[in-house]
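Convention: sequence-line order gives letters A, B, ...; per-chain numbering from 1.
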Amino acid sequence: MSDIIRRDPRAEWIIRNRLHPLHDQYVSQEEGGEIRGPSGIIRKFPHKVGFIGPNGVKRIDRLKGNAASATGKRSSATQEVQLPLHQISSPEFYVVVVPDLVGGRLTSHDKDILGLAHKLISEHGGQGAVAALCFGEVKEEHFDLAGVDRLIHLNDPAFDGYAPEARVQALAYVDTQLTVKHWLFPDSVHGGADLGSRLAAKLGERPATQAWQVTAEQVVCRGASSSLDISRAMPRIAMLLEECGDAIDETRHEASSIEFADIPLLEGHIVDKGLMDVDPNAIPLAEAEFILSAGNGIHNWDQFHQAAATLGATEGASRVAVDDGFMPRIRQVGATGTWVTARVYIAVGISGAIQHMQGIGQVDKVVAINTDAGCDMVKRAALSVIGDSEEILSELMALVNAHRNQASSESEENSHAA
Amino acid sequence: MPHKIISLISVGRHPQSGRARRSDQDGRAVELGLKLSGSQLEVVHAGDSEEPVLRQYAGMGLAEITILEQDQSMDAVASLSTYLASRDADIVLTGVRSESGESSGMVPYILAEALGWPLVARVADIVEIKDGTAEVLLALPRGQRRAATVKLPFIATIDSAAQEARQSAYGPGLRANMVAQSGANELDELRANWSEAPAKPRPKRLKMVKAKTAADRFKAATAKPAGGSGKVMKNESTEEKAQAIFDLLIEEKVIR
Ligand SMILES: Cc1cc2nc3c(=O)[nH]c(=O)nc-3n(C[C@H](O)[C@H](O)[C@H](O)COP(=O)(O)OP(=O)(O)OC[C@H]3O[C@@H](n4cnc5c(N)ncnc54)[C@H](O)[C@@H]3O)c2cc1C
């Protein structure tokens, strides 16, 4: 129930009309005074006594004077919905999901697989728990709502960055420690397919790849560049396509952690040398991760290009900026331009017309820089700053430059020390 | 000393017509192999030596292609791993995922496990080979690249971000030598129990509304999805505003 205000027009009319025979009674009722019936007995008006309890149920406090007054507007309290807790105290077996955790958070692909893991457990029967195995930095706060019964978080520095060899050794170690009925991986370019294949090769299992229809007995996989459906028995390791299952949304889970200390790791042959600097404008707009987008509110275009270069962001534009000839057509974001999938999108001087909003529907975090606090882009944005674009961009560039200088001098110091 | 590089090739499938063709990623693997070792490159296929598609690879300037003769239903991994073990190669290049058959992408992983070599996945380029280590560029999603070094010998799967395969010349392709030798005869038993069918279109997921009350259902059907409007900074100084944006960019790790 919501806090919809319920009015009683008749009562309001009577209170306005001093000549109405019931006027006195309603007024004293409104003020909480006593009401006497025709024979002089004190009457209680049941709608006016009591208060709404925490669950939205009306409570009458028989201890007089303690009752909080219920006002003339009848409305029930809004209640925080607490989902039922799904508890597995001592699991007989586990279904381990290794999520991609792009940017440290569960993707919708990961959530679908967690949901599917619960479906598999209910089909197998028995006390099974879904464990999520995460490496490195984790920013996700709602493992409990995504259906994680047990959380295995391995944040040894050996697993940071690109460390497929260390990670697969850890997976193989976990496999010896727990009874794992299934290993589920997202079949994605974010590393899920790679890790799953490595584990399968290491354990000598034949995995199901590009699986999209999964039950405890049978699995349907795509093959031959998605032109073939292969039906086979469900193996122990599976790599799953997007939308293979339904995410959990009706239960809460424990997400209690399982610790593994001292995982034996052998020295690897692959050494991570870090991410390379790529020219952000060479990345296709639809794929770019970080976009700085310009609209009609940009007046200093040289500064805008400089800002994009400093931030290392791919440039985007609204249609007006393109039509006015400041930006090429391939940079246009929106219904008649490119639909972007960026994680962070900074809209500078863009009002947020619906045609533009369609193009940024999949964006995670929108930052708006605009002079107008009431525009639609501000309503969509996770962070909006109201002010002149030129001033804010120059200030932002100064901050980024200072940060870069500091980082480079620190790394120089480190190399001197080493 | 030139390094011994072997490229593994398979029969591809054209995405629209479905006809057999030179597989895209395998073509890129051959291209990278030609860049690294020129005419020294060895190209290996496990399957039928009469396959006309192999001529398309040969037309890239290969003098010969080695074929491990075996039937379709046999397991290619068995013949490849015995062959590679006998060849003493430094780098083996493959595609990420074949365009025909199971398309599981497991072949390079199983080979790496069998040979005990490291494997680097989704390579965009091999920049340099020096002192028994190779410097490779890995293709990440969203056009990003990662640099890594790996000890020889290793297996690399080549991503679609690598240099495109050169055009194939018909005549030289026909003249190339097909050296066939018999491969292993291990039946792929698991696969014999599978059933295959043309791919069914996957149903699109519909937005499900699990509302308990009529008011909630009405709201779900009519209301705009509430954006849950974020933080708005209006009266702060310009420095504070810029700092707030900067902090968000650092937290999201888009500025390094
Ligand atoms: C069929 C059709 C298709 C379309 N397709 C697209 C499309 O694909 N993509 C697209 O973008 N548009 C599209 N449009 C156009 C769209 O309707 C809008 O006209 C356009 O998006 C508006 O661009 P804008 O926000 O840059 O400009 P405006 O609406 O003019 O907004 C400018 C904003 O900048 C702010 N501003 C002004 N000065 C400053 C300053 N100094 N500092 C900070 N902020 C400032 C203003 O407050 C305002 O909010 C389409 C329109 C039609 C009819």
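Taking CD of E239(B) as the reference point, atom CG of L396(A) lies at 12.0 Å (rounded to 0.5 Å). Taking NE2 of H269(A) as the start and CH2 of W117(B) as the end, the distance is 12.0 Å to the nearest 0.5 Å. With rounding to the nearest 0.5 Å, the separation of CG in L393(A) from OG1 in T238(B) is 11.5 Å. From E395(A), atom CD reaches atom OG of S237(B) across 8.0 Å, with rounding to the nearest 0.5 Å. The structure places CD of Q243(B) at 5.0 Å from CG of L399(A), a figure rounded to the nearest 0.5 Å. Taking OG from S227(A) and CZ from R13(B), the interatomic distance works out to 3.5 Å, rounded to the nearest 0.5 Å.
Both the backbone and the side chain of I245(B) have a heavy atom closer than 4.5 Å to some heavy atom of chain A. Heavy atoms closer than 4.5 Å to chain B are found in the side chain of V367(A), but not in its backbone. Looking at A398(A), neither its backbone nor its side chain comes within 4.5 Å of chain B, counting heavy atoms on both sides. Proximity to chain B (any heavy atom under 4.5 Å) is shown, for T341(A), by both the backbone and the side chain. Residue contact with chain A, scored on non-hydrogen atoms closer than 4.5 Å, is absent for E240(B). Proximity to chain A (any heavy atom under 4.5 Å) is shown, for E236(B), by neither the backbone nor the side chain. In this structure, chain B has a heavy atom under 4.5 Å from the side chain of D112(A), while its backbone stays farther away.
Of all heavy-atom pairs between I270(A) and P118(B), the closest is CG1-CB, 4.3 Å. The minimum heavy-atom distance between E99(B) and S225(A), with the atom names listed, is O-OG, 2.9 Å. The heavy-atom pair separating D194(A) from A121(B) by the smallest distance is OD1-CB, 3.4 Å. Heavy-atom minimum distance, R142(B) versus A288(A): NH1-O, 3.2 Å. Looking at every heavy atom in both residues, Q210(A) comes nearest to S103(B) through NE2-O, 3.2 Å. Here the closest heavy-atom approach between residue W194(B) and residue R206(A) is recorded as CH2-NH2, 3.8 Å.
In this structure, the side chain of K241(B) engages the main chain of I386(A) through a donor-acceptor pair within 3.5 Å. A donor-acceptor contact shorter than 3.5 Å links the side chain of R202(B) to the backbone of E243(A). No donor-acceptor pair closer than 3.5 Å links the side chain of R232(A) to the backbone N or O of E196(B). For the pair R122(B) (side chain) and G191(A) (backbone), a donor-acceptor distance under 3.5 Å is absent.
Counting only heavy atoms from C-beta outward, the side chains of D159(B) and V189(A) never approach each other to under 4.5 Å. The shortest side-chain heavy-atom distance between Y109(B) and K202(A) does not fall under the 4.5 Å cut-off. Contact check for L137(B) versus M276(A): side-chain heavy atoms found under the 4.5 Å cut-off.
Among S197(A), G161(A), G196(A), G223(A), the residue making the largest number of heavy-atom pairs under 4.5 Å with chain B is S197(A). The choice from D187(A), I369(A), T314(A) that makes the most heavy-atom pairs within less than 4.5 Å of chain B is D187(A). When the candidates V136(B), I110(B), L138(B) are compared by the number of heavy-atom contacts under 4.5 Å with chain A, L138(B) comes out ahead. Of the listed residues V120(B), L119(B), I255(B), the one with more heavy-atom pairs under 4.5 angstrom with chain A than any other is L119(B). Listed options E251(B), K234(B), E113(B), E135(B) were ranked by heavy-atom pairs under 4.5 angstrom with chain A; first place goes to E113(B). Of the residues considered (P207(A), P284(A), A286(A), S188(A)), P207(A) shows the highest number of contacts with chain B, using heavy-atom pairs under 4.5 Å. Contact count versus chain B (heavy atoms, under 4.5 Å) is highest, among E391(A), M239(A), R343(A), for R343(A). Chosen from D388(A), I392(A), D364(A), the residue pairing most often with chain B at heavy-atom distances under 4.5 Å is I392(A). If you tally non-hydrogen atom pairs under 4.5 Å between each of V102(A), V400(A), V220(A) and chain B, the highest count goes to V400(A). Heavy-atom pairs under 4.5 Å with chain A were tallied for L111(B), T157(B), T149(B); the largest tally goes to T149(B).
The pair R146(B)-D272(A) counts as a salt bridge, with a side-chain nitrogen and a carboxylate oxygen less than 4.0 angstrom apart. Ion pairing between E137(A) and K253(B) holds under the 4.0 Å rule for side-chain N and carboxylate O. Look at K365(A) and E252(B) and you find a salt bridge, because one of the NZ, NE, NH1 or NH2 atoms lies within 4.0 Å of a carboxylate O, short of that distance. In summary, E267(A) and K151(B) do not engage in a salt bridge, as defined by a charged side-chain N under 4.0 Å from a carboxylate O.
With a 6.0 Å radius and a threshold of 12 heavy atoms from other residues, nucleotides or ligands, K200(B) has its NZ atom at or below the threshold. Around atom CG of D88(B), no more than 12 heavy atoms belonging to other residues, nucleotides or ligands sit under 6.0 Å away.
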Exercise for the section: Tell me, with the steps shown, if V344(A) and L248(B) meet side chain to side chain contact (heavy atoms under 4.5 Å, CB included). Expected result: CA-CA 9 Å; V344(A) 181; L248(B) 185 141; 4.3 Å; yes

